**Q** 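Below: one structure in structure tokens.
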There are 2 protein chains.
Amino acid sequence: MTTEESILKAARKVFQRKGLEGARMQEIADEAGINKALLHYYFRSKENLFEKIFSEAFEKMLPAVSGYLSEATNLRQFVVFFIEKYFELISEMPYAPQFILQEINRNPNLIANLTGKFGLPVELVKELIKREADAGLIVPIRPEHLMINIISMIIFPFAAKPIIMTVLFKNKQQAYDEFLNQRQAVIADFVLAAITIKKCDQ
Amino acid sequence: MTTEESILKAARKVFQRKGLEGARMQEIADEAGINKALLHYYFRSKENLFEKIFSEAFEKMLPAVSGYLSEATNLRQFVVFFIEKYFELISEMPYAPQFILQEINRNPNLIANLTGKFGLPVELVKELIKREADAGLIVPIRPEHLMINIISMIIFPFAAKPIIMTVLFKNKQQAYDEFLNQRQAVIADFVLAAITIKKCDQ
DNA sequence: GTCTATATGCAGATAGAC
DNA sequence: GTCTATCTGCATATAGAC
């Protein structure tokens, strides 16, 4: 691992836990096992290093949707596929969601620079949901609500990890991990049950 | 409004947006229309002022559950009642959830001081869900998942407001507000549909 | 490229007049 | 209680040796 890579790795860890303002260049340097001055040699400023980490996290989190869309032929298939893939993605970077929400909340301008990229896939998903709802294949629901419902249930348990672990699992890491492992299937079942029309046609 | 009240109001606003580390005492003073030194006269330190704001927000958010529980006779009733009340609560302090998650993420010790209070109501809700699931009145689901599903769908749209407004509503505040207004009913419908057993007994 | 030593600026906190 | 002026420490950033 090169010095630059170990800096980025350390910066990811510290920034995602503490945020831009809470992070200390000293802590990042310690974490990377190098000197503070080297940080400024590789990345001119703290802001600059932060910007790298933030946009990297942001880009990994958001546009994932578009890929899954083309592979699904109907909404139910897409929902299952999306939950699976998005869940795996977040599992690999569990602190990213809370980090992104935190920093955008602190400085809403961060979002402006990165916008535009995700307009298209969102519209496609909206259309898919609307089409099936209009055709009576699923329960009538506004696409925006269904999308947010799914995303909420995936992301929130990661963002609220410390509280959930304390309140529901007496701070037992293992119990929380087991809970997370179940969620992928649970969310899929939950969503499909919610959007399925209850008919007696058998 | 007394000086102390206007300080607390200003501190709430600034801390909830910027967090402990991101907030500046100068900004709080400006927001309150007073001098920086007065902050230290009323509250000895930044940490001290922050602690007031944080525990106030935390206590308002969490133990709300217990009250609603006694008024409901079955799970479906409780779910509807809980969503309604919790939604109203958060609407009044929309920045609190993200703020709490952020600060606990930065400093997990914050949760230790405040724990213990919510053990009881959570256990009662768990039992209620388990009882109805075992009795076949609702779909089988682990209580923890159902609770987190509901909380997720309520809280996330507030925590992710800037992103949602940009990605789904082209930064139109009005469209986002309308979306939020619908959510209370949408979430209730969604959850009830998901936990209802699909039978053909009519 | 990597370090030690140092400069710079800013934010939290205090002193003291009114 | 409220202000202006000032102190202090710390975190970012730079200089310069190796």
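Each chain gets a letter, A, B and so on, in the order the sequences are listed, and its residues count up from 1. Computed from a predicted model, the values in this text were never measured in an experiment.
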**Q** Would you mind reading off the distance between A:Asn35 atom CG and D:dT14 atom C1', rounded to a whole angstrom?
**A** 13 Å
**Q** Looking at A:Tyr42, I'd like to know whether one of its side-chain N or O atoms comes within less than 4.0 Å of OP1 or OP2 on C:dT2.
**A** yes
**Q** Charged N to carboxylate O below 4.0 Å: is that the case for A:Glu127 and A:Lys130?
**A** no
**Q** Calculate the interatomic distance between A:Ile7 atom CD1 and C:dG1 atom P; express it in whole Å.
**A** 11 Å
**Q** Output the single nucleotide from C:dT4, D:dT2, C:dT2 whose closest atom is nearest the side chain of A:Tyr41.
**A** C:dT2
**Q** C:dG1 C1' sits how many Å from A:Phe43 CZ, rounded?
**A** 14 Å
**Q** Can B:Glu103 and B:Arg106 be counted as an ion pair, charged N to O under 4.0 angstrom?
**A** yes
**Q** Between C:dG1 and A:Thr3, is there an OP1 or OP2 to side-chain N/O distance shorter than 4.0 Å?
**A** no
**Q** Is any NZ, NE, NH1 or NH2 atom of the basic residue among B:Glu56 and B:Arg12 found under 4.0 Å from an Asp or Glu carboxylate oxygen of the other?
**A** yes
**Q** Dump the pairs, protein N or O against N or O of nucleotides 10-13 of chain D, anything under 3.5 Å, distances to one decimal.
**A**
residue, atom, partner, partner atom, Å
D:dT12, OP1, A:Met25, N, 3.4
D:dT12, OP1, A:Lys46, NZ, 3.0
D:dT12, OP2, A:Met25, N, 3.1
D:dA13, OP2, A:His40, NE2, 3.0
D:dA13, OP2, A:Lys46, N, 2.7

**Q** Under 6.0 Å between ring centres, would you say that holds for B:Phe190 and A:His145?
**A** no
**Q** Send over the distance from A:Leu38 CG to D:dC18 C1', rounded to a whole Å.
**A** 13 Å
**Q** Thinking salt bridges, do B:Glu21 and A:Lys18 make one under a 4.0 Å N-O criterion?
**A** no
**Q** Are the aromatic ring centres of B:Phe87 and B:Phe158 under 6.0 angstrom apart?
**A** yes
